[in-house]
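Following: one structure in C-alpha cells, then a few remarks.
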Amino acid sequence: MTTAATTSSDYASFCVCTRCFDRLGQDGDDRLTCRACAASYEIRNGILMLLPEYADDDRRLRYLANYQRVAQDDLVQPFEHDREGRHAVLLDFIGDVRGRRVLDIGSSDAGYLRALEGAELEVAFDLAYPFLEAIPASAGIVAVCGDAEELPFEPGSFDVIVLSDVLEHVLDPVRLILRIRQIATTRTRIIVHVPWEEDIRRYESSEYEFSHLRSFDDYSFGLLWREFQIVRERSTHPALEQPIVFQLRRFLPLRLYNLLTYSYFHGSLGNREYEWRARWIAALPKHERLLLRFYRPNFKLFELRTLESVPTEGGYTFRAPLPRSARALAARAPSAVKWLRGRRSGT
C-alpha cells in the first residue's frame with residue numbers, strides 16, 4: 001500500500017533539511033536536495049524520508065529499530081482496544097480545521113487524521129515507516145518519515161500541530177518542544193494529548209526496550225511547555241481501575257465511609273460495584289464527564305499557543321498576552337507590594 005502521490009515540489013514548499021534546516025529543492029521526481037549542504041532525501045512509495053543520520057548513536061539506532069518493530073506488531077494486532085473512542089474525544093477537542101494546514105506528529109497510520117474534514121493540508125509525520133506505508137492512498141494525506149526531535153519543517157507552515165501520545169515516548173522531549181517553538185507562530189494551535197499521573201513501572205517488563213519513558217503532572221507538563229500558554233484543557237478517560245467506594249472517601253463522613261467499605265468487603269456491594277464499573281468502562285466515553293468528578297483522569301488534552309516573543313539586547317524573552325483585567329492588576333502590583341511591606345514594618 002502506498003500513500004497519496006505527492007511531488008517533490010509539494011514537499012519542498014514546507015520541508016527542510018534535517019542537517020542544517022535549510023530549504024530543500026527538487027532533484028527529480030523522487031528526491032530532494034538541500035540547497036545549503038547538498039544532503040539528499042528519497043521519496044519512497046510516496047513518503048518523503050527525512051530521517052537524520054544516526055551512524056554514531058547506538059541508543060538512537062536501537063530506538064529507531066524499536067519503533068519499526070512496534071509499528072509492524074501494532075498493525076497486525078492493535079495494542080489499544082478502544083482506540084476509536086480515544087480518537088473520538090481527540091477529534092471533538094481539535095474541532096473545525098476547514099481550510100487549515102494540519103501537522104500530526106507521531107501520526108501512526110493517520111487514524112484520526114483521516115477523520116478530519118476540510119483541511120487544506122494534512123501531514124502525517126512518524127518515525128516508523130511501516131505506519132506511514134499503511135496509510136491508504138485514497139486518504140489524500142501527505143506522509144513524512146522523520147524524527148520528532150528534529151522536526152524538518154519551515155516556520156509558519158502549519159495552522160494546527162497535533163501531538164497525541166507522543167511526549168511520553170520521545171527520548172528528549174525538550175528538543176521536540178524547542179523545534180515546535182521554532183516552527184509555530186503565535187496563531188498556531190498546538191494540541192497535546194498525554195497520559196496523566198501514570199505509573200510507568202509497568203513498562204519495565206515490556207518486550208519493547210523503549211515504551212513510556214516518563215509520566216506527566218501539572219508541574220512536569222508546565223515545565224516542558226513554559227514558553228507556551230495553555231488556552232484550553234480537558235481531562236479524559238477516568239481511571240476506573242479502583243472501585244468507586246474508595247473514590248468517595250473525600251466526600252463522605254468517616255462513619256458512612258466505614259459502612260460502605262464493610263459492605264464492599266463483607267457484603268454484596270463488591271460484586272455489584274464491579275458489574276457497574278465494567279459497564280461504565282465498556283460505555284466510555286459515555287458519562288465520562290460525570291465519572292471524572294470522582295475518578296482522576298488517565299489522560300489530559302491541552303490546546304497551547306506560543307508566548308509572544310519580545311526582542312531584547314541579549315536575544316528574546318517571552319510573555320503571555322494578558323487580558324485587560326490582568327494587565328490592570330499587574331499595573332497595581334508594585335503599589336500593593338509597597339503597602340504590604342509597610343504593614344510588615346508597622347509603618
Checking Asp104 side chain against Ala124 main chain: does a donor-acceptor pair fall under 3.5 Å? no
Does any donor atom in the side chain of Tyr54 or Asp147 lie under 3.5 Å from an acceptor atom in the other side chain? yes
Just by modelled atom types, is the Trp196 backbone N or O under 3.5 Å from a matching donor or acceptor in the Arg296 side chain? yes
If you count every heavy atom of other residues, nucleotides or ligands that lies below 6.0 Å from Tyr219 atom OH, does the total exceed 12? no
Any heavy-atom pair between the side chains of Phe79 and Val70 that's under 4.5 Å? yes
Is the backbone N or O of Leu90 less than 3.5 Å from a side-chain atom of Arg234, with the two atoms forming a donor-acceptor pair by type? no
Under the ring-ring contact (aromatic ring centres under 6.0 Å, His included) rule, what do Tyr257 and Phe251 come out as? Steps first, then yes or no, please. CA-CA 9 Å; Tyr257 175 72; Phe251 302 108; over 10 Å; no
For Leu151 and Ile105, run side-chain contact (heavy atoms from CB on, under 4.5 Å): C-alpha distance rounded to whole Å, both residues' side-chain angles, the deciding distance at 0.1 Å, then the answer. CA-CA 9 Å; Leu151 282 179; Ile105 300 173; 3.7 Å; yes
With the side chain counted from C-beta on, respond yes when Ile161 and Thr188 share a heavy-atom pair under 4.5 Å apart, and no when they do not. yes
ILVMFWY network linking Ile180 to Leu223, side-chain heavy atoms under 4.5 angstrom: no
Check Arg100 with Glu122, please: is the shortest side-chain N to carboxylate O separation under 4.0 Å? no
Roughly how far, to the nearest 0.5 Å, is the CD1 atom of Ile94 from the CD atom of Glu303? 10.0 Å
So, does Glu149 use its side chain to make a donor-acceptor pair with the main chain of Val174 at under 3.5 Å? no
Is it possible for you to say whether Leu290 and Val245 belong to one hydrophobic cluster, with membership spreading through side-chain heavy-atom contacts below 4.5 Å? yes
Does the side chain of Leu51 reach to within under 4.5 Å of the side chain of Leu127, using non-hydrogen atoms? yes
Mind checking the CZ-CZ spacing from Arg277 to Arg272? Nearest 0.5 Å is all I need. 14.5 Å
Step through the shown structure and confirm whether more than 12 heavy atoms of other residues, nucleotides or ligands are within 6.0 Å of CG on Asp56. no
Between Ser268 and Asn271, do the side chains contain an N or O donor and an N or O acceptor separated by less than 3.5 Å? no
Please answer: with hydrophobic residues joined when any side-chain heavy atoms are less than 4.5 Å apart, are Val231 and Val89 in the same cluster? no
Is there a donor-acceptor pair closer than 3.5 Å between any side-chain N or O of Ser107 and the backbone N or O of Asp109? no
Would you name the heavy atoms of Asp159 and Gly99 that are closest together and state the gap between them? OD2-O, 4.4 Å
Under 4.5 Å between side-chain heavy atoms, hopping through other hydrophobics if needed: is there a path connecting Tyr262 to Phe265? no
Step through the shown structure and confirm whether more than 12 heavy atoms of other residues, nucleotides or ligands are within 6.0 Å of CZ on Arg98. no
Do Asp57 and Tyr63 come close enough that some side-chain heavy atom pair is under 4.5 Å? no
For Thr33, enumerate each residue passing the side chain to side chain donor-acceptor pair (under 3.5 Å) test, keeping only those at least two apart in sequence or located in another chain. Asp27
Ignoring hydrogens, what is the shortest heavy-atom contact between Ser164 and Tyr112? Give both atom names and the distance. CB-OH, 3.6 Å
Which heavy-atom pair separates Phe14 from Ser157 by the least distance, and what is that distance? CB-OG, 3.6 Å
Are any non-hydrogen side-chain atoms of Asp165 and Pro195 less than 4.5 angstrom apart? yes
With side chains defined as the heavy atoms from C-beta onward, is the minimum distance between Phe228 and Arg305 less than 4.5 Å? no
Hydrogens and angles aside, do Gln72 and Arg69 bring a side-chain donor and acceptor to less than 3.5 Å of each other? no
Closest contact, heavy atoms only, Gln229 versus Thr306: NE2-O, 4.2 Å
Steps toward side-chain contact (heavy atoms from CB on, under 4.5 Å) verdict (Asp126, Cys145): CA-CA 5 Å; Asp126 205 286; Cys145 187; over 6 Å; no
Let's go through Val160 and Leu103 carefully: what are the C-alpha distance in whole Å and the side-chain angles of both, what is the deciding distance for side-chain contact (heavy atoms from CB on, under 4.5 Å) to 0.1 Å, and is it a yes or a no? CA-CA 6 Å; Val160 182; Leu103 169 63; over 6 Å; no
Run the ring-ring contact (aromatic ring centres under 6.0 Å, His included) check on His169 and Phe210 step by step: do they pass? CA-CA 7 Å; His169 293 280; Phe210 303 95; over 10 Å; no
Rounding to 0.5 Å, atoms CG (Asn298) and CG (Leu240) come to a distance of 8.0 Å
So, for Leu121 and Phe158, which heavy atoms are closest and what is the spacing to 0.1 Å? CD2-CE2, 4.1 Å
May I ask you to establish whether Arg31 and Tyr41 are in a cation-pi arrangement, using a distance under 6.0 Å from NZ or CZ to the six-membered ring centre and at most 45° from the ring axis? no
Examine the side chains of Glu288 and His237 and answer whether a donor and an acceptor come within less than 3.5 Å of each other. no
Point-to-point distance, once rounded to the nearest 0.5 Å, from CG of Leu91 to CD1 of Ile191: 11.0 Å
Verdict with reasoning, Tyr208 to Asp73, per side chain to side chain donor-acceptor pair (under 3.5 Å): CA-CA 11 Å; Tyr208 304 102; Asp73 292 349; 2.7 Å; yes
Under a 4.0 Å N-O cut-off, is there an ion pair linking Arg62 with Glu209? yes
Arg60 and Leu171: side-chain contact (heavy atoms from CB on, under 4.5 Å), yes or no, with the steps? CA-CA 8 Å; Arg60 288 193 178 272; Leu171 292 176; 3.6 Å; yes
Distance from Leu260 atom CG to Glu273 atom CD, nearest 0.5 Å? 10.5 Å
Do Lys300 and Thr236 have side-chain heavy atoms sitting under 4.5 Å apart? no
Tell me if a side-chain donor or acceptor on Arg181 pairs with a main-chain N or O of Ile177 at a distance below 3.5 Å. no
From NE2 (His212) to CZ (Arg214), nearest 0.5 Å: 10.5 Å
In the hydrophobic clustering that connects Ile, Leu, Val, Met, Phe, Trp and Tyr at side-chain heavy-atom distances below 4.5 Å, which members other than Tyr203 occupy its cluster, ordered by chain and number? Ile200
Tell me whether the guanidinium CZ or amine NZ of Arg179 lies under 6.0 angstrom from the six-membered ring centre of Phe21 and within 45° of its axis. yes
Can you establish whether the number of heavy atoms outside Glu53 located under 6.0 Å from its atom CD is more than 12? no
Pairwise side-chain contact, Val142 with Tyr11, heavy-atom cut-off 4.5 Å (strictly under): yes
Nearest non-hydrogen partners of Phe153 and Cys15, listed with the distance: CE2-SG, 3.9 Å
Taking Phe246's backbone N and O only, do any of them form a donor-acceptor pair with Arg249's side chain (distance below 3.5 Å, no angle check)? no
Could you check whether any side-chain N or O of Arg232 sits under 3.5 Å from a backbone N or O of Phe93, counting only pairs where one atom can act as donor and the other as acceptor? yes
Are Leu213 and Leu167 linked, directly or through intermediate hydrophobic residues, by side-chain heavy-atom contacts shorter than 4.5 Å (ILVMFWY only)? yes
Taking Tyr295 for its side chain and Gln242 for its backbone only, find out whether a donor-acceptor pair lies under 3.5 Å. yes
Can you find a side-chain donor-acceptor pair between Asn45 and Tyr129 that sits under 3.5 Å? yes
